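Computed from a prediction, not measured in an experiment: that's the story for all the values here. Computed from heavy atoms alone, side chains included, the values below leave out hydrogens, waters and symmetry copies.
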Amino acid sequence: MRLKVHFLFFFILSSIALKAQFGVPLNDNCSQSIKLTQLENFCSDDVDLFSTEGATIDTTEGFGCQTSFQPLGVWYNFTAITKFVRITVEGEDAGNGLLLTEPIIGIYEGGCGNLNQLNCVTTATGVNVAEIVITTVPGKNYTLMIGAKNNSQGSFRLCLNSFNVDPEPLQDCGQARILCDKSPIGVESVVGFGSIRDDLDLGSNPAIQFPACGVVEDASNWYKWTCDQPGTLEFTITPLKQFDDIDFVVYEFPDGLENCNTKVLIRNMISGENQGQNMNQWAVCVGPTGLISGDGQDGESCGCQNGDNNFANAIQMEAGKSYGLMVMNFSQSGVGYNLDFGGTGTFAGPVPEFSIEPITGLRCDQAFTIEDRSRDNGNPLTYEWYFGEDATPETSTEAGPFDVNYTTFGQKYIVLTVKDQVNGCEVTEIFDIFAEACCEDIDPLVPTLVNAVDPTCPNFSDGSLELAASGGSNSGYTFSINGSPFVSGSEFMNLPDGTFNIDVIDDKGCEGSIDLNLFDPDSIIVNAGLDSLIDLGDMIDLEGEIVSDNGRDYDIVWTWNSNGTEVSCVNCLDPNVFPFGATTFTLTAIDEFGCEFSDRVAIDVDLNYPLYIPNVFSPNDDGFNDRFTAFGGIAVQEIALLKIFDRWGNLVYEERNFPISDTTFGWDGMFNNSLAEPGVYTYIFDIQFIDNNPPREYSGDITLLR
């Protein structure tokens with residue numbers, strides 16, 4: 001049972017989920033928002049699943065994002081696993097293949113019928129990246145709407161980064177943030193240097209003989225800690241803006257965390273751009289930086305020297321000694337960074353821990369016991385528990401123990417934050433458990449069909465299914481169609497014909513399923529007749545028929561693909577047609593709902609160009625053969641040109657654009673108002689046929705007799 005429910009409810013998102021909707025995204029509205037389950041350093045790479053293409057305007061929530069901009073938005077939701085989440089939406093940029101411009105992020109809490117807007121993040125004109133850090137409650141659900149200010153549509157990249165340390169920067173050594181563990185830190189933006197510009201003491205360690213290069217504190221943060229278990233310290237600082245130049249210095253505090261005046265420099269990283277050089281000569285000295293074991297250097301000086309890599313050697317921390325880190329965005333872009341710690345050494349501080357009994361086999365509606373097992377560091381602690389919105393109790397500031405009961409099944413998060421009351425540092429432990437379904441003693445869950453609308457036309461995707469459910473816990477029903485993500489909305493739109501499996505699950509994990517069918521309407525069967533071959537200039541009757549209809553009213557129409565073709569009527573079954581070349585005729589029946597049903601017939605035309613040109617004539621006014629011209633049938637449109645030349649090549653006659661086979665036109669045997677000499681002459685005809693091709697040329701000899 002657990003495996004089945006876990007698969008249905010917590011899935012890896014795939015593009016198949018949206019394909020089921022055939023045009024309009026499945027998550028086009030809040031009630032059908034898609035659950036995001038990867039929250040630690042997640043960035044989407046599925047341009048089908050993360051796209052607003054086909055989305056519609058949704059103003060029903062009535063908040064600033066929707067009413068001010070009316071974006072064509074899509075919806076997602078997630079359950080927070082940390083105290084802070086950075087949300088980034090990246091749109092179009094050179095070479096990234098994404099299409100969304102000027103993105104918007106709407107952030108909400110509460111159910112879709114009772115949303116509370118926490119923020120609406122927009123971008124400046126021409127900016128295609130939106131970002132925000134929000135304070136979250138672990139275990140609480142949040143909803144996102146992704147759209148764009150200019151109603152643009154297209155793919156985007158959605159990134160979520162979760163962390164527990166407060167992202168607000170502390171910028172003075174004396175008031176540095178005290179760290180108790182190696183939890184990752186995310187800083188959204190950083191400007192300025194705090195209340196005072198601290199002396200960086202870049203020359204305080206003779207072992208690091210690097211010039212200060214005029215570097216002073218700015219756009220900075222300070223962190224301090226005391227080592228608990230000895231070992232290495234590694235870290236990586238990744239700027240949120242790709243090519244920002246991040247500098248840092250690491251100190252030892254021999255007289256304790258409170259005394260900044262006696263700090264000793266032990267690592268120095270101030271490498272960066274070589275001004276006046278191409279970026280490929282110094283790009284390695286910007287971007288990610290930090291400490292890494294085996295690097296071989298204790299620091300890097302200004303600019304970018306041969307062998308620099310923007311990293312320095314890890315520190316070997318000693319138990320009981322205090323250390324500090326100052327991070328500075330030398331680029332002063334105002335943009336922050338991510339700070340991730342590594343290495344074998346640990347920071348001194350309280351350790352939040354707790355036990356759960358029983359640890360396995362937990363069910364909803366069944367109490368289990370949580371006992372505090374936290375270890376302090378010699379200082380008194382304060383407690384902050386969060387068990388979840390559907391837990392009893394939901395929160396507590398006591399040490400415990402607690403008997404906790406979940407009213408719903410599924411993934412749960414137990415969050416314990418302990419705070420050192422002396423130095424103010426705090427550490428958070430988050431434990432996720434799965435509450436099994438509890439359906440044994442309640443009525444079965446039964447899904448039912450409320451309404452089904454078949455597709456309007458064959459091969460259309462405008463059908464719909466609307467579901468309801470009863471039984472089970474009678475609350476929290478969510479629906480899935482053909483394996484798509486479970487959503488609270490029970491109406492599925494834009495469906496073709498076919499069989500659809502609808503799975504339903506409720507708050508207690510009770511499940512039900514139903515198979516439903518949508519059907520295409522019957523087709524109108526159209527027959528346009530048999531393909532035929534005719535001579536150029538011939539006419540033919542088409543023989544269309546409606547073999548069977550679908551019981552709906554319909555109209556018919558003929559269309560064809562050749563210019564100039566004459567058709568006696570376009571709305572009858574058997575028109576007389578006069579094609580000038582190979583032509584395809586399409587007979588289409590259009591029913592009262594606009595469905596179209598067609599068949600085609602091909603009429604091929606034998607282009608034999610029938611033409612007769614005599615080789616002798618006698619212009620003696622006897623009424624017979626008195627003029628020289630060409631003779632042809634209906635396939636000839638006209639004689640475009642006739643030229644006559646004597647045996648020396650002199651032009652003796654020319655006439656243009658006259659009828660075929662008409663003996664009142666053509667050469668009458670005269671030249672310069674005198675009778676031409678009997679003999680052999682040369683002719684050239686340009687004949688225009690009715691096939692709309694250029695005139696065809698014919699040439700030869702004509703004998704004039706007297």
Side-chain angles (χ1 to χ4, degrees), residues 169 171 173 176 184-187 189-194 197-224 232-252 260 263-317 323-343:
Q171 298 185 282
C173 179
I185 298 171
V187 176
S189 65
V190 55
V191 294
F193 52 82
R197 177 164 271 150
D198 291 293
D199 186 350
L200 300 182
D201 294 327
L202 296 181
S204 62
N205 187 346
I208 305 178
Q209 297 297 325
F210 293 142
C213 311
V215 175
V216 295
E217 182 190 7
D218 208 349
S220 58
N221 300 144
W222 283 83
Y223 307 94
K224 293 190 290 190
T232 58
L233 172 69
E234 298 179 324
F235 59 77
T236 299
I237 307 169
T238 305
L240 300 181
K241 189 175 181 182
Q242 185 176 7
F243 297 112
D244 270 5
D245 180 6
I246 301 294
D247 293 338
F248 70 84
V249 287
V250 181
Y251 301 95
E252 182 181 323
C260 290
K263 63 184 183 293
V264 177
L265 179 72
I266 54 177
R267 294 292 184 270
N268 183 359
M269 178 59 60
I270 54 176
S271 60
E273 175 184 357
N274 288 336
Q275 294 187 5
Q277 292 184 358
N278 291 330
M279 184 177 179
N280 59 9
Q281 297 180 274
W282 49 264
V284 69
C285 293
V286 296
T289 185
L291 301 182
I292 186 171
S293 295
D295 181 81
Q297 296 190 85
D298 289 341
E300 294 177 0
S301 185
C302 303
C304 194
Q305 319 302 324
N306 289 335
D308 285 355
N309 63 359
N310 221 27
F311 281 81
N313 197 23
I315 294 171
Q316 187 67 37
M317 295 193 300
Y323 302 87
L325 167 67
M326 191 279 295
V327 180
M328 181 169 65
N329 188 334
F330 184 79
S331 300
Q332 297 196 41
S333 66
V335 180
Y337 54 85
N338 290 331
L339 171 58
D340 295 283
F341 290 99

Going by salt bridge (Lys or Arg N to Asp or Glu O under 4.0 Å), name the residues that satisfy it together with Lys224, two or more places apart in sequence or in a different chain. none
Which value, rounded to the nearest 0.5 Å, describes the distance between Asn309 atom CG and Ile292 atom CD1? 8.0 Å
Judged by atom type as modelled, is there a donor-acceptor pair below 3.5 Å linking the side chain of Gln171 to the main-chain atoms of Ser220? yes
Using modelled atom types only, decide if a donor and an acceptor are shared between the side chain of Asn313 and the backbone of Gly294 within a distance under 3.5 Å. yes
Give the minimum heavy-atom separation between Glu234 and Ala314, together with the two atoms involved. CG-CB, 3.8 Å
Could you check if a side-chain atom of Val249 sits within less than 4.5 angstrom of a side-chain atom of Arg267, using non-hydrogen atoms only? no
So does Asn280 get a backbone contact from the side chain of Asn278, meaning a donor-acceptor N/O pair under 3.5 Å? no
With Asp308 via side-chain contact (heavy atoms from CB on, under 4.5 Å) - residues at least two apart: Ser271, Cys285, Gln297, Glu300, Cys304, Gln305
Below 4.5 Å, heavy atoms only, C-beta onward: do Val286 and Phe330 meet side chain to side chain? no
Scanning both residues in full, the closest heavy-atom pair of Ser189 with Gly334 reads CB-O, 2.8 Å
For Glu217 and Asp198 the tightest heavy-atom approach is OE1-N, 2.7 Å
Report the residues that fulfil ring pair (Phe, Tyr, Trp, His ring centres under 6.0 Å) with Tyr337, sequence neighbours left out, ordered by chain and then residue number. none
Any heavy-atom pair between the side chains of Ile315 and Leu291 that's under 4.5 Å? yes
Under the 3.5 angstrom rule, does the side chain of Asn329 hit a backbone N or O of Ser331 as a donor-acceptor pair? yes
Look up atom CZ in Phe248 and atom CE in Met326, then write down how far apart they are to the nearest 0.5 Å. 10.5 Å
Tell me if a side-chain donor or acceptor on Thr289 pairs with a main-chain N or O of Asn310 at a distance below 3.5 Å. yes
If we only count heavy atoms from C-beta on, is the Phe235 to Val250 side-chain gap below 4.5 Å? yes
Could you grab the distance from atom OG1 of Thr236 to atom CD1 of Ile246, nearest 0.5 Å is fine? 12.5 Å
Taking every heavy atom of Phe341 against every heavy atom of Leu233, the minimum-distance pair comes out as CD2-CD1, 4.0 Å
Could you measure the distance from the CD atom of Glu273 to the CG atom of Asp245? Nearest 0.5 Å is fine. 8.0 Å
The reported gap from CG in Asp247 to CG in Asp218 (rounded to nearest 0.5 angstrom) is 11.5 Å
Is the shortest side-chain heavy-atom distance between Ile266 and Asp298 below 4.5 Å? no
Any idea how Trp222 and Tyr251 line up, ring-wise: parallel (<30°), tilted (30 to 60°), or perpendicular (>60°)? parallel
With side chains defined as the heavy atoms from C-beta onward, is the minimum distance between Ile185 and Asn221 less than 4.5 Å? no
For Asn274, does its backbone N or O pair with a side-chain atom of Gln281 as donor and acceptor, under 3.5 Å? no
Please report the shortest heavy-atom distance between Leu265 and Asp201, naming the atom on each side. CB-O, 3.9 Å
To the nearest 0.5 angstrom, please state how far the CZ atom of Phe311 sits from the CG atom of Asp295. 8.5 Å
